[in-house]
Amino acid sequence: QSAMTENARQDIGDYNAQAAAARARILGTQTGISSLQDKLPHLSESLKIHKSKCEDDLQNIESQIHLVERDLKTLAEVSKLNSCNINLGTTLLECKKKRRHPHHEKEGAVLSFLTFGHQVMRRRARQLRSQDAQDALQQTLAEVASMADGTENRTRTRHRRRPVAALQTGHRRKHRRHHRAVPAYGKPPTACTVRSKPTCDTLLDKFLVMQATISDKADALRENMAKVQSMCKATEGSFEAQMEQMQTRLQDQQAALAEATKIVIEAEEQSRMTGQSLQRLQQEAKRMAEQCGQSLEQISQEICNIKQIRGELYKMEAKRPFIQDCEVSPWMPEECSEPCGGGVQKMVRSVVVPASLGAACPPLVMKRRCNVQACPTDCSLSQWGGWSSCSAQCGGGIMERVRSIRRQPSSGGRPCEATSESAMCSAGACDRDCTLSEWTRWSSCSKACDGGFQVRKRDIGVEAKGQGSCPSPDSEVRLQYRRCNSAVCKPKTGDTLKCKSKLDIVLILDGSGSIGEAGWAKVKSLGGKLVQAIEMGADGAQVAVLLYSGPKSWPTYRKCTGAVTGPVDLATDCNLNWVSHFASTADTLASAIGGLTWPKASTLTSAALATAEAELRTGRSDASSLVIAITDGKTMDPRRTTQAAKSLQTKARLMWVPVSRSVDLEDIKLWASKPVADNVVLVQNFDKLDTVANVNRIIADACPEVE
C-alpha cells in the first residue's frame with residue numbers, strides 16, 4: 001500500500017510538471033547549470049571520503065570486537081586455572097619495570113603493576129590484547145590484593161616483600177629455579193615481590209565480575225557497530241539522493257522543447273484522476289492502521305486478562321507461586337537476502353529473563369519479506385514540454401519545463417536524461433520549529449515533608465516542520481520542578497516515621513560479596529526497620545522482598561543472561577531469592593529478613609530489576625508501585641542494568657539507596673526515576689546505613705503520606 005501511495009504521488013507530480021511545462025516556454029539560465037556542475041564533483045568526493053571513513057570505522061570496531069572476544073576466551077582459561085580444584089596457587093606479585101613507551105612517560109620512568117605468581121597463569125594473562133582487558137585485569141588484581149592485605153595474617157607480613165627467588169625453596173625451588181617473575185604483559189621485570197595471597201574464592205568472584213564487564217564491553221561494541229552501519233547507510237543514501245536530485249536538475253536545465261496544449265489537458269486530467277486514487281489509498285491506509293492498532297490493543301488486553309485469570313486460579317488453589325514469564329529483547333533485523341524484487345530478512349532476539357513457572361519464551365527467530373521494490377528499470381522519455389509554475393510557496397521551489405517520463409527509472413536503473421530545465425523561485429525558508437502547549441497545572445507534592453517536588457510540563461501542540469527543531473521532553477522549557485512541603489518531618493510517635501501511603505513496594509536487598517560481612521548485617525538491619533516503618537494492610541502498603549546476588553561461575557552467568565539455552569534455576573543459578581512475595585504482615589517479614597543467609601556472590605542487578613518488574617504484575621490496580629533497591633552500586637553488568645532500569649521506570653517508581661563513598665552516582669542517577677533528588681538516598685558507609693536518620697530519610701522520600 002505504501003508503494004502504491006508513493007507511486008500515486010510521483011504520478012501526480014509528473015502530470016503537474018507536464019501541464020506546467022506545456023504552459024510556459026522560457027530558456028533556463030546558464031548560471032544554474034554552472035552551479036550544479038560545480039557542486040556535483042564536490043558531493044561525489046564527499047561521498048567517497050564518507051565511504052572510506054565508514055569502512056575504517058567499521059573495521060576498527062570489528063577489530064576491537066575480535067580482540068575482546070579473544071580476550072574473553074583467555075579470561076575463561078585464566079578463570080579455570082584459578083579454580084579451587086586446580087592447585088596452582090593464588091600468590092600475587094608486585095613488579096616494577098622501566099617504561100619505554102614514548103606516548104606515556106619519559107624514558108626511564110618506573111611502572112609498577114601486579115601479576116600472578118604462577119608462570120602458567122602469567123603466560124595466559126600475557127595473551128590479553130585489548131587495552132580494556134589489560135586495564136580490567138590490573139584493576140581486578142589490585143582490588144583482590146587490597147582485600148587480601150586487609151585480612152591476611154600479620155605473621156605473614158614480613159614475608160610479603162621478599163624477592164621471589166628467596167621464596168622458592170625445597171622441592172618447589174627445584175622446579176622453579178629457571179623461571180623468572182613475568183608481568184601480566186610486557187617483558188620480564190628486573191624485580192618482583194610477593195604482594196599478597198588471596199583466597200581462591202575471592203579471586204574467582206572478582207574474575208567473574210571482570211569477565212562480565214568485558215562481555216558487556218563486547219555487547220556495547222556490537223551495538224555501536226550496528227549504529228555506525230545504520231548511520232553510514234543513512235548518510236550515504238542522503239549523499240546519493242542529493243547527487244541524484246542535482247543530476248536531475250542539471251538535466252532539467254538543459255531541456256529545449258515544449259509540450260503541446262494537448263499534453264496540458266491530458267496531464268491535468270490524469271493528475272485529477274490520480275489525485276482521487278491517492279485520496280482513496282490514503283483513506284484505506286488510515287483504516288488499515290486503525291484496524292491494526294485495535295487488533296494489537298485487543299491482543300495485549302487478552303494477554304493481560306489471561307495473566308489475571310492465571311493468578312486467580314492459583315489463588316483459588318491457595319497457592320502464590322512466583323511466576324516469571326519469559327522476557328525477550330526487541331527484534332534485531334539482519335541483512336535482507338535480496339537487494340530488490342523481494343527477499344527474506346531474518347529477525348532475531350535474545351532472552352532477557354528466562355521463564356520460571358510462567359509462559360515459555362516465544363520464538364527467537366522469524367523471517368519477513370524485505371526489499372519488495374522492483375529491480376532496476378531504465379527511464380523512457382517523451383518530447384519536451386514547457387515552463388511550469390513554482391513548485392513550492394516557500395523553502396525554495398523550481399520553475400521548470402519538462403518532457404514527460406513515460407517510464408520512471410527505479411532501483412538504480414539508467415536515470416532519465418534532460419527531463420527539464422529549471423530556475424529557482426520562492427527561495428524564502430519554510431522550516432518551522434514546533435509549538436508547545438500551555439503549562440499543565442502543578443502536580444501534588446511528592447512528599448509530605450522534608451522538601452518534595454511539584455511538577456508541570458508542556459506537550460507539543462504543533463509538530464516541527466522541515467528542519468525545524470523541538471525541545472526534548474526533559475528540557476527546562478518543557479519540564480519544570482519546584483520545591484514544596486519543606487517542613488522537617490517529625491514522627492508522630494517514637495523516633496521513626498510511619499509510611500501511611502497505599503503502595504505496592506518491592507524491596508530489593510543486595511547480598512553480593514562486595515558489600516562485606518559487616519555491610520550484609522547492616523543491609524538486613526535496614527530492611528527489617530523499613531518493613532516495620534511501613535503501615536501494611538488492605539488500605540495501606542504491601543511489601544515484597546527480593547534478596548539478590550548473582551551467579552558464581554562464568555557458565556552460570558551465561559545461563560542467567562540468556563547467552564546459552566537450557567533450564568535456569570533463578571534461585572540456585574542466579575541467586576535471586578524471594579524472601580516474600582507481596583505481604584501485609586510487618587513483624588513476620590522483618591523476622592524473615594533478619595534470618596537471611598548471606599549469598600556472598602556476584603552482583604547481577606539487571607536480573608533483580610527484571611524480577612521485581614515481574615512481581616509488580618501481581619500488585620493492586622488502585623495502589624502506586626514503588627521499587628526500593630539497597631546496594632553498594634557495584635553491578636557486574638551496567639549496560640544491562642541500565643536497560644532493565646529504563647524498562648522498570650515505565651511500570652513503577654524506582655528508588656535507590658546506594659551505600660559507599662566511591663559509588664558511581666552518574667549510573668545511579670540514570671537508573672533512578674525523576675526527579676533524582678527524591679529517588680536517590682546516598683549513604684556514605686554501611687556503618688550508618690540502618691540509623692534512625694537514614695530510615696526516616698528513605699521513608700520520607702518513598703511515601704507521600706507519613707506520620
Side-chain angles (χ1 to χ4, degrees), residues 58 61-62 65 68-69 72 212 214-231 233-234 292-293 295-304 306-307 323-338 343-372 551 554-570 573-574 576 604-614 616-617 635-651 671:
L58 290 172
I61 297 174
E62 189 173 4
I65 292 174
V68 171
E69 289 177 341
L72 274 174
I214 301 301
S215 177
D216 199 60
K217 172 69 175 178
D219 291 341
L221 284 171
R222 293 186 190 97
E223 281 190 5
N224 186 40
M225 187 172 185
K227 290 179 181 178
V228 171
Q229 287 174 330
S230 177
M231 291 174 61
K233 187 175 182 180
C292 288
S295 298
L296 289 174
E297 185 176 357
Q298 290 174 359
I299 292 171
S300 177
Q301 185 61 44
E302 288 177 5
I303 292 174
C304 183
I306 291 172
K307 290 182 177 179
I323 302 174
Q324 170 67 63
D325 293 328
C326 178
E327 297 288 343
V328 296
S329 66
W331 287 108
M332 293 293 292
E334 295 183 356
E335 188 175 357
C336 189
S337 63
E338 298 293 340
V344 177
Q345 185 178 48
K346 185 178 179 182
M347 307 283 288
V348 297
R349 56 185 175 183
S350 59
V351 177
V352 176
V353 179
S356 177
L357 299 182
C361 293
L364 300 180
V365 180
M366 77 169 185
K367 296 181 180 179
R368 66 178 183 183
R369 294 198 66 195
C370 57
N371 290 346
V372 295
W554 183 242
T556 53
Y557 172 82
R558 289 171 57 81
K559 287 174 62 178
C560 292
T561 55
V564 294
T565 58
V568 181
D569 189 314
L570 295 179
D573 295 331
C574 310
L576 298 174
L604 195 60
T605 310
S606 60
L609 295 178
T611 304
E613 183 176 332
L616 290 173
R617 298 192 186 103
T635 179
M636 66 192 305
D637 55 346
R639 189 181 63 88
R640 291 175 184 268
T641 300
T642 299
Q643 295 173 345
K646 291 298 182 184
S647 175
L648 183 53
Q649 287 171 16
T650 64
K651 314 291 193 309
W671 300 338

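All residue numbers refer to positions in the sequence shown, counting from 1.
- Residues forming a side-chain contact (heavy atoms from CB on, under 4.5 Å) with Ser337 (at least two apart in sequence, or on another chain): Val344.
- Screening Thr561, Thr635, Leu576 for a side-chain contact (heavy atoms from CB on, under 4.5 Å) with Leu604, the sole residue that qualifies is Thr561.
- Atoms OG and CE, from Ser230 and Met225 in turn, are 13.0 Å apart once rounded to the nearest 0.5 Å.
- Taking every heavy atom of both residues into account, Ala355 and Ala360 meet most closely at CB-CA, 4.3 Å.
- A salt bridge between Arg639 and Asp219 is present, with a side-chain N of the basic residue lying under 4.0 Å from a carboxylate O of the acidic one.
- Here the straight-line distance linking atom NZ of Lys227 with atom CD1 of Ile61 works out to 11.0 Å at 0.5 Å rounding.
- Between Gln649 atom CD and Leu609 atom CG the span is 9.5 Å, to the nearest 0.5 Å.
- In plain terms, the two heavy atoms of Asp637 and Thr605 that are nearest each other are OD1-N, 3.9 Å.
- With values rounded to the nearest 0.5 angstrom, Thr650 atom OG1 is found 11.0 Å from Lys646 atom NZ.
- Between Glu334 and Val348 the shortest side-chain heavy-atom distance falls below 4.5 Å.
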Inset, instruction - Run the numbers on Leu616 and Leu648 for side-chain contact (heavy atoms from CB on, under 4.5 Å), then give the verdict. - result: CA-CA 10 Å; Leu616 290 173; Leu648 183 53; 3.8 Å; yes
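- Atom CE of Met366 has more than 12 heavy atoms from other residues, nucleotides or ligands within 6.0 Å.
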Legend entry - Glu223/Lys217 under salt bridge (Lys or Arg N to Asp or Glu O under 4.0 Å): CA gap, chis, key distance, verdict: CA-CA 10 Å; Glu223 281 190 5; Lys217 172 69 175 178; over 6 Å; no
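- Side-chain contact between Lys307 and Asp325 is present, with heavy atoms from C-beta onward closer than 4.5 Å.
- Between Gln324 and Thr611, the shortest heavy-atom contact is OE1-CA, 3.8 Å.
- Ser606 and Ala644 get closest at one heavy-atom pair: O-CB, 3.6 Å.
- Applying the side chain to side chain donor-acceptor pair (under 3.5 Å) test to every pair with at least one member in residues 345-363, sequence neighbours left out, gives these pairs: Ser329-Ser350, Gln345-Arg368.
- Side chain to side chain, Trp671 and Thr642 meet the donor-acceptor criterion of an N or O pair below 3.5 Å.
- Between Glu69 and Ile65, some side-chain heavy-atom pair lies under the 4.5 Å cut-off.
- Looking at Glu613 and Ser647, their side chains do bring a donor and an acceptor atom within 3.5 Å of each other.
- Nearest heavy-atom pair, Ala614 versus Ile323, reported as atom, atom and distance to 0.1 Å: CB-O, 4.4 Å.
- Note that CG of Leu221 is 10.0 Å distant from CG of Asp216, once rounded to the nearest 0.5 Å.
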Legend entry - Step-by-step side-chain contact (heavy atoms from CB on, under 4.5 Å) determination, Val353 to Cys326: CA-CA 6 Å; Val353 179; Cys326 178; over 6 Å; no
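- In this structure, the side chains of Tyr557 and Cys574 stay at 4.5 Å or more apart for every pair of heavy atoms.
- By the 4.5 Å heavy-atom criterion applied to side chains, Val228 and Leu58 are counted as neighbours.
- Sequence neighbours left out, the pairs with a member in residues 554-566 that pass salt bridge (charged side-chain N to carboxylate O under 4.0 Å, His left out) are Lys559-Asp573.
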